[in-house]
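Chain letters run A, B, ... following the sequence lines, proteins first and then strands; every chain starts at 1.
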Protein chains: 2
Amino acid sequence: MTRTDTADAKTRLLDAAEHLFTEHGFAATSVRRIATAAGVPLAMVSYHFGSKKGLMEAVYARALGQRATSRVGYLDRLEKQAGGAPISVDILVEAFISSALRLTHKGTISGAVFKQMIGRAFYEPEAGVEDFFPTEYAEAVERYKCAFMRALPALPVLSEADVVWRMYFFVGMVAYAMAGKDVMRMTEIYALEVAGRPEAMLRRLMPFIVAGFNAPSADLAPTAGVLAAALSA
Amino acid sequence: MTRTDTADAKTRLLDAAEHLFTEHGFAATSVRRIATAAGVPLAMVSYHFGSKKGLMEAVYARALGQRATSRVGYLDRLEKQAGGAPISVDILVEAFISSALRLTHKGTISGAVFKQMIGRAFYEPEAGVEDFFPTEYAEAVERYKCAFMRALPALPVLSEADVVWRMYFFVGMVAYAMAGKDVMRMTEIYALEVAGRPEAMLRRLMPFIVAGFNAPSADLAPTAGVLAAALSA
DNA sequence: GTCTATAAACGGATAGAC
DNA sequence: GTCTATCCGTTTATAGAC
């Protein structure tokens, strides 16, 4: 007996939609199916949310809204505590990931579902959240960018392009992991311990990312080209 | 006047489907739209491919089939040339990415479209290629895994779990970039030079990944926990 | 082999009873 | 406020003419 069974129609629709959109995607999920899963008449979707799209926006709004505080919360506390001194890269990386994962442990939504939902939002073509995310997270990205630039070794200094690219890669990787995707079935084939344990992944991910951020600037030491050199040797 | 205009119905359907599935996703693309775009009667879809799903499988089969040789081609040549000696990490990383990007420059399909299509295949829920990819690429993953383990510093040696995790992160990042996704709109906001130029991204990505692979083992130096320590200080 | 016409089911949305 | 019944466009797939 889950909470959904006793909640009101609106909440049950949101719960069902969240789950089904996450699992099958927006276009592939019909409102009929959502209403059936929620045990609610079809018309309640139009009544409460106006349209299918309205329902999806409500799903994201609920999920993100109630967690809005955690985007730069860690960073605020860290900067306050540091009192002007740079924050080290490893702490920034863990703060960034933790802000993402922490969404998993708060609020009414199942952590696993929410995590996948956000991961999916990154790839769903018609998701519509592509208009939502950037405005909501632009500040967080900018704040972390500045923090990373201050944290990284002064000489040879990384260009802003270097830092932003590395954050781009970082975000992409976290999205892939959060979406629970594993196209190569690597977690199966190599029995990676990941099921339901984001901490295990975090432990593996952190050194990888931290080292990446600390790599020499691509402006100064263009690494690409070694393949061609090796093959023509 | 593109090639599509003169090709036969089957080919034109594949071309149109490839393009539309890539742009809008499987569920959101109707066969009518595909047939219209291809300038071909609707019934030709059933005739040639049996069903919508059959069409999609044909799209992937054509795209991947004709490029099957390039998955471990670089690695074969590198290992032959090295004659038993380990291949350095930077060369392996570039070979792996190049094998992915090289798909872009071969065959009949537009590079940009194919690239996005593969990227999409990683996230499309109903794509069905999740049964296809692992079997096709398991050998390549295993080969690269062995090569990376031989290339990485002997002491402290990375565990197989370390190496596989790092390949997992690597794959995820490449998938995100290949799908052309950018949820945070970072390429816009920070004017990253990426449009149509995978080489620019490669130059930025390589040092990041290489450094990540060379990071100390997560088994020996668990980095996670610095955030909690910093906040409780 | 190719295509037109249509079937059969499903999609989102709503009118109007209660 | 809540729900049943239905509208009507669109979907996939096919039957059958050419």
Among [options], find the nucleotide with the atom closest to the side chain of [X].
X     : options                : value
A:P41 : C:dG12, D:dT2, D:dT4   : D:dT4
B:K52 : C:dA13, D:dC3, D:dA13  : D:dA13
A:S30 : D:dA13, C:dG12, C:dC3  : C:dG12
A:A43 : D:dT11, C:dG12, C:dA15 : C:dA15

In whole Å, I'd like the distance from the [atom1] atom of [X] to the [atom2] atom of [N].
X     : N      : atom1 : atom2 : value
A:L42 : D:dT2  : CG    : P     : 15 Å
B:K53 : D:dA13 : NZ    : C1'   : 16 Å
A:L13 : C:dG12 : CG    : P     : 13 Å

Could you walk me through whether A:L14 and A:H48 pass the side-chain contact (heavy atoms from CB on, under 4.5 Å) check? CA-CA 10 Å; A:L14 285 170; A:H48 284 297; over 6 Å; no
Pair of N/O donor and acceptor under 3.5 Å linking D:dT12 base with B:R32 side chain: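 In this structure, the two groups form a donor-acceptor pair.
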A:F148 side chain reached by A:V93 side chain, heavy atoms, under 4.5 Å: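 The answer is yes; the side chains approach within 4.5 Å.
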Geometric class of the A:F208/B:F213 ring pair [parallel <30°, tilted 30-60°, perpendicular >60°]: perpendicular
So does B:K10 pair up with B:D15, basic N to acidic O under 4.0 Å? no
